[in-house]
Each structure stands twice: as structure tokens, then as C-alpha cells.
Asker: 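Let me begin by handing over the structure; questions about it come next.
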Amino acid sequence: MIQTILDEDFNRLTNFIKTQYGITLQEKRQLVTSRLSSLVSEQGYTSFTPFITQLLKEKDPQKIELVLNRLTTNYTFFMRETEHFDFFTKVILPELVHKYERKKSIAIWSAGCSSGEEPYNLTMYIKDFLGLQASQWDTRILATDISQQALSKAKKGIYEVPDTVPESWRRKYFKKVEGSRYAVTPDVRNNVIFQTFNLMDPIKFRTKFDVIFCRNVMIYFDQPTKDALVRRFHDATVPGGYLMISHSENLSKDAPYITVAPSTFRRK
């Protein structure tokens, strides 16, 4: 196992990742060393220097993703931070259904969707809320992530379903595949559009969003990077639209949002 990384190599790597992907690792030298040393060996290198030199020279997307997947945690699960879902179903959905009664179209973005549980979860809440009217509405959710590996799992839609998922949902929205593994039903899977997207890039989607979920993503960013992303989210949201972040994150005091519930904000 490769034990050490030179200062120059550490700075080259972390500066590249910060510039390109917003992820701040400058204070996490031990984490970078421990999580990447086995990868460096697997790639046939005996030290970090030639590995990082080649990585930054080639900028091979697959190799970069291998590095990012080691350094970040694509960890999520169904029913995560249910307070958000409660507010979504009790406050936001009734408001949007009333607002778009004629158009019958709602725009939601799951930004940093990881392995897909969040957008599928949202779909289940929406379908439950709309009931028999669900087929008349366009509620397709845009779900983006930087990791092809995470998106590949998300598109398959096969999971170990935790006990926190209601039994009625397990019967309605999942189909048993093998053992304890379940696949989300086609109507749930077809309601989510998965797409690769780097949150450091300009947001130029065709539509503005009524709700943006970006939970447990900004924990990897420093404050200026968070502030810049929040401004881009603001510009990509309809007037009065919502932004939801995780309970472990926060917005700056001068963010262009009004707090309406814990970790839930509305565009001014």
C-alpha cells in the first residue's frame, strides 16, 4: 500500500478537483491518501507522482470518476430526511397542483441524485398525492449526478428496500427481483430522467424549476462555492420556487431565499 503523497502532488490534485468539481479536499490529506493509495496501486503505479501526472495530462473522464468515487460518498437511501417529504406533500404539492391546474406540469430537479432513491421517492409521493389524476400530469423529475457509476445504478432502479418504506408502497411501487432486492415499477422509473451534470457548470436547462432538491451535496464545497451554486439555483428557479438542502447544510445570511421550514427555502 502506498503510504505518502508529496505536497506538490497533493496540491496539484486537490486544486484540479476544486476547480473542476467544486469539491474541497485541501484539509483532508489523510483521507485523500488512504482512499486513493489502493487505486494508485491497482492502476500499476508505485507512487502518487506518476499517477497524478498522467491523470491531469489525460483528463480521462473514467479515471477521474474513479478518483471522485473514492473521495466522495454516493450514499443515500429511501425516506431520507422525511421532514422534507412531509413539507413537500403538505405544502408544496397542493400549492403547485392548484397553480398548474390547467397546464398540469410540474418541474422538479434532484441535483446530485446519487443512486436514484431521492427522485424515485419523490415520484411515489407525487403519485400518491395525485391518485387517479397522476396519469394526466407531467411530473417527470430531472435527476442529475456527476458519477456515471451512480447513475448506472439509478437507471436500473434495483435496491434493498428498507423497512421505513411503507408496506403499501412496497406492494404498489416495487416488484421483487431476488432475495431482498426490489425493482421500482416501470411507471416510477419512467417518471425520472437521469442525466450527467457537473454542478460547477452553468445551469442551462430548457425549463426553470418549481422545486430543486440538492441534499448532502454541498457538504463537499467551501462557502464561496456554495454561495455561487445557490445563486445559480436561484436563477434556475421560478419566482416563488423552492430549494431543499440537507439538515447538515446551511445557506449564507445573504442568500436570495426566504427560510420557510428547516433546510427549506423559497425564492424571494
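Remember, predicted model here, so these are calculated numbers, not experimental data.
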Asker: State the CG-CZ distance between Leu36 and Phe48, to the nearest 0.5 angstrom.
Answerer: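 Answer rounded to 0.5 Å: 5.5 Å.
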Asker: Which pairs with one or both residues in residues 9-20 pass salt bridge (charged side-chain N to carboxylate O under 4.0 Å, His left out), sequence neighbours excluded?
Answerer: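 Found Asp9-Arg12, Lys18-Asp222.
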Asker: Check this for me: does any side-chain nitrogen of one of Arg80 and Glu117 sit under 4.0 Å from a carboxylate oxygen of the other?
Answerer: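 Result for this pair is no, no salt bridge flagged.
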Asker: Could you state the interatomic distance from OG1 (Thr24) to CG (Asn15), rounded to the nearest 0.5 Å?
Answerer: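 It comes to 10.5 Å.
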Asker: Between the side chains of Thr185 and Asp187, does any donor sit under 3.5 Å from an acceptor?
Answerer: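 Looking only at side-chain atoms, Asp187 and Thr185 do form a donor-acceptor pair, the distance falling under 3.5 Å.
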Asker: Do the side chains of Leu6 and Ile17 join up, straight or via other hydrophobic residues, at under 4.5 Å, putting them in one cluster?
Answerer: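 Hydrophobic grouping puts Leu6 apart from Ile17.
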Asker: Would you say Leu56 and Ile5 are hydrophobically clustered, going by side-chain heavy atoms of ILVMFWY under 4.5 Å?
Answerer: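 Same cluster.
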Asker: Are Phe87 and Phe265 close enough that their ring centres sit under 6.0 Å apart?
Answerer: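 Not close enough - the centres of the two rings lie 6.0 Å or further apart.
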Asker: Assess whether side-chain contact (heavy atoms from CB on, under 4.5 Å) is satisfied between His84 and His247, documenting all intermediate values.
Answerer: CA-CA 10 Å; His84 284 146; His247 295 308; 3.9 Å; yes
Asker: Does CZ in Arg140 sit with more than 12 non-hydrogen atoms of other residues, nucleotides or ligands closer than 6.0 Å?
Answerer: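 Not buried by this count: 12 neighbours or fewer within 6.0 Å.
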Asker: With rounding to the nearest 0.5 angstrom, report the CE to CD1 distance, Met218 to Ile23.
Answerer: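 Output value for this atom pair is 14.0 Å.
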Asker: Return the minimal non-hydrogen interatomic distance between Ile258 and Lys268, and the atom names on each side.
Answerer: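 What the structure gives for the nearest pair is CG1-CG, 3.7 Å.
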Asker: Kindly indicate whether the side chain of Phe88, heavy atoms from C-beta on, has any atom under 4.5 Å from the side chain of Ile126.
Answerer: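 A side-chain contact under 4.5 Å exists here.
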Asker: Less than 4.5 Å apart, any side-chain heavy atom of Leu55 and any of Asp60?
Answerer: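 They are not in side-chain contact.
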Asker: Might you point out which heavy atoms bring Asp145 and Cys113 nearest each other, and give the distance in Å?
Answerer: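 Shortest heavy-atom separation between Asp145 and Cys113 comes out as OD2-N, 3.4 Å.
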Asker: Flag yes if more than 12 heavy atoms outside Lys90 fall under 6.0 Å of its NZ atom; otherwise flag no.
Answerer: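 12 or below, so no.
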Asker: Show your reasoning for whether side-chain contact (heavy atoms from CB on, under 4.5 Å) applies to Asp128 and Trp169.
Answerer: CA-CA 9 Å; Asp128 252 32; Trp169 280 16; 2.8 Å; yes
Asker: Kindly say whether Ser110 contributes a backbone atom to a donor-acceptor pair with the side chain of Glu118 at under 3.5 angstrom?
Answerer: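 Checking the backbone N and O of Ser110 against the side chain of Glu118, no donor-acceptor pair under 3.5 Å is found.
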Asker: Looking at Ile146, Thr225, Leu229, which one forms a side chain to side chain contact (heavy atoms under 4.5 Å, CB included) with Leu199?
Answerer: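 For Leu199, the side chain to side chain contact (heavy atoms under 4.5 Å, CB included) test succeeds with only one of Ile146, Thr225, Leu229, which is Leu229.
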Asker: Does the pair Val211 and Leu96 meet the rule for a side-chain contact (heavy atoms from CB on, under 4.5 Å), with working shown?
Answerer: CA-CA 10 Å; Val211 191; Leu96 295 179; 4.0 Å; yes
Asker: Check whether any side-chain heavy atom of Cys214 lies under 4.5 Å from a side-chain heavy atom of Trp109, and answer yes or no.
Answerer: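 No - every pair of side-chain heavy atoms lies 4.5 Å or more apart.
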Asker: Check whether Thr264 reaches the backbone of Pro262 with its side chain - one donor and one acceptor, N or O, closer than 3.5 Å.
Answerer: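 Checking the backbone N and O of Pro262 against the side chain of Thr264, a donor-acceptor pair under 3.5 Å is found.
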Asker: How far apart are the C-alpha atoms of Leu25 and Tyr220, what are their side-chain angles, what is the distance that settles it, and do they pass the side-chain contact (heavy atoms from CB on, under 4.5 Å) test?
Answerer: CA-CA 8 Å; Leu25 297 163; Tyr220 296 108; 5.8 Å; no
Asker: Just wondering, are more than 12 heavy atoms of other shown residues or ligands nearer than 6.0 Å to CD in Glu27?
Answerer: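 Result for CD/Glu27: open.
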Asker: Quick one: list whatever passes side chain to side chain donor-acceptor pair (under 3.5 Å) with Asn191, sequence neighbours left out.
Answerer: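 Applying side chain to side chain donor-acceptor pair (under 3.5 Å) to Asn191 gives Thr123, Thr139.
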Asker: Any donor and acceptor pair, going by atom type alone, linking the side chain of Thr19 with main-chain N or O of Phe16 inside 3.5 Å?
Answerer: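 The answer is no, because no donor-acceptor pair under 3.5 Å joins these two groups.
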Asker: Using every non-hydrogen atom in the two residues, find where Phe213 and Met244 come nearest and quote the distance to one decimal.
Answerer: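 Taking Phe213 first and Met244 second, the nearest heavy atoms are CE2-SD, 3.2 Å.
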Asker: Do other residues, nucleotides or ligands put more than 12 heavy atoms under 6.0 Å from Gln62 CD?
Answerer: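 No.
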Asker: Quick one about Tyr100 and Asp138 (side-chain donor to acceptor, distance below 3.5 Å, no hydrogens or angles considered), yes or no?
Answerer: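 No, Tyr100 and Asp138 have no side-chain donor paired with an acceptor closer than 3.5 Å.
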Asker: Check the hydrophobic clustering (I, L, V, M, F, W, Y; side-chain heavy atoms under 4.5 Å; chains of links allowed) and say if Val230 and Phe205 are grouped together.
Answerer: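 Per the 4.5 Å side-chain linkage, Val230 and Phe205 are co-clustered.
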Asker: Specify the closest pair of heavy atoms between His234 and Arg267, including all atoms of both residues, with the distance to one decimal.
Answerer: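 That closest heavy-atom pairing would be O-NH1, 3.1 Å.
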Asker: Could you tell me whether the side chains of Asn69 and Ser147 share a donor-acceptor contact shorter than 3.5 Å?
Answerer: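 Checked: Asn69/Ser147 side chains pair up, N/O donor to acceptor below 3.5 Å.
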Asker: With a 3.5 Å distance limit and no angle check, can you tell me whether Ser252 reaches the backbone of Asp254 through a side-chain donor-acceptor pair?
Answerer: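 The answer is no, because no donor-acceptor pair under 3.5 Å joins these two groups.
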Asker: Please tabulate, for the side chains in residues 150-160, all donor-acceptor contacts under 3.5 angstrom to protein atoms that are two or more places apart in sequence or on a different chain.
Answerer:
| from | atom 1 | to | atom 2 | distance (Å) |
| --- | --- | --- | --- | --- |
| Tyr159 | OH | Ser115 | O | 2.6 |
| Glu160 | OE1 | Ser180 | OG | 2.4 |
| Glu160 | OE2 | Ser180 | OG | 3.3 |

Asker: How close do Val192 and Ala143 get, counting heavy atoms only, and between which atoms?
Answerer: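 In this case the closest contact between Val192 and Ala143 is CG1-CB, 3.7 Å.
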Asker: Of all the heavy-atom pairs spanning Val161 and Arg170, show the shortest one and how long it is.
Answerer: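 Closest approach of Val161 to Arg170: O-NH1, 3.5 Å.
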Asker: Distance only, no hydrogens: is a donor on one side chain within 3.5 Å (strictly under) of an acceptor on the other, for Glu249 and Ser263?
Answerer: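 No pair is found: no donor N or O on one side chain lies under 3.5 Å from an acceptor on the other.
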Asker: With rounding to the nearest 0.5 angstrom, report the CD to CG distance, Gln223 to Leu251.
Answerer: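 Those atoms lie 8.5 Å apart.
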Asker: So that I can tick it off, tell me whether Asp201 and Arg232 are bridged by a salt bridge, with the cut-off set at under 4.0 angstrom between side-chain N and carboxylate O.
Answerer: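 No, Arg232 and Asp201 are not salt-bridged.
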Asker: Kindly say whether the aromatic ring centers of Phe233 and Tyr257 come within a distance under 6.0 Å.
Answerer: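 Judged by ring-centre distance (under 6.0 Å), Phe233 and Tyr257 do not meet the cut-off.
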Asker: Looking at Gln30, I want to see if its CD is surrounded by more than 12 non-hydrogen atoms of other residues, nucleotides or ligands under 6.0 Å.
Answerer: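 It does not: Gln30 CD has 12 such atoms or fewer within range.
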Asker: Do we see a donor-acceptor contact under 3.5 Å between the side chains of Arg29 and Thr14?
Answerer: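 Result is no, nothing qualifies.
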Asker: Yes or no on ring pair (Phe, Tyr, Trp, His ring centres under 6.0 Å) for Phe194 and Tyr120, after CA distance, side-chain angles and deciding distance?
Answerer: CA-CA 11 Å; Phe194 290 106; Tyr120 287 140; 5.6 Å; yes
Asker: Might you confirm whether atom CD of Glu42 has over 12 heavy atoms from other residues, nucleotides or ligands at distances under 6.0 Å?
Answerer: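 Yes, because the 6.0 Å sphere around CD of Glu42 holds more than 12 heavy atoms from other groups.
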Asker: Rounded to the nearest 0.5 Å, how far apart are OG1 of Thr237 and OH of Tyr242?
Answerer: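 Reported value, rounded in 0.5 Å steps: 12.0 Å.
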Asker: Side-chain heavy atoms under 4.5 angstrom apart, residues restricted to Ile, Leu, Val, Met, Phe, Trp, Tyr: same cluster for Val165 and Val177?
Answerer: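 Hydrophobic grouping puts Val165 apart from Val177.
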Asker: Around Lys63, counting heavy atoms of other residues, nucleotides and ligands shown, do more than 12 lie under 6.0 Å from its NZ?
Answerer: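 Yes, NZ of Lys63 has more than 12 neighbouring heavy atoms, counting only those of other groups under 6.0 Å.
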Asker: With heavy-atom distances below 4.5 Å as the criterion, would you say the side chains of Ile92 and Asp210 are in contact?
Answerer: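 Side-chain contact under 4.5 Å: no.
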Asker: Return the CZ to OG1 distance between Phe51 and Thr46, rounded to the nearest 0.5 Å.
Answerer: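 Interatomic distance, Phe51 CZ to Thr46 OG1, rounded to 0.5 Å: 12.5 Å.
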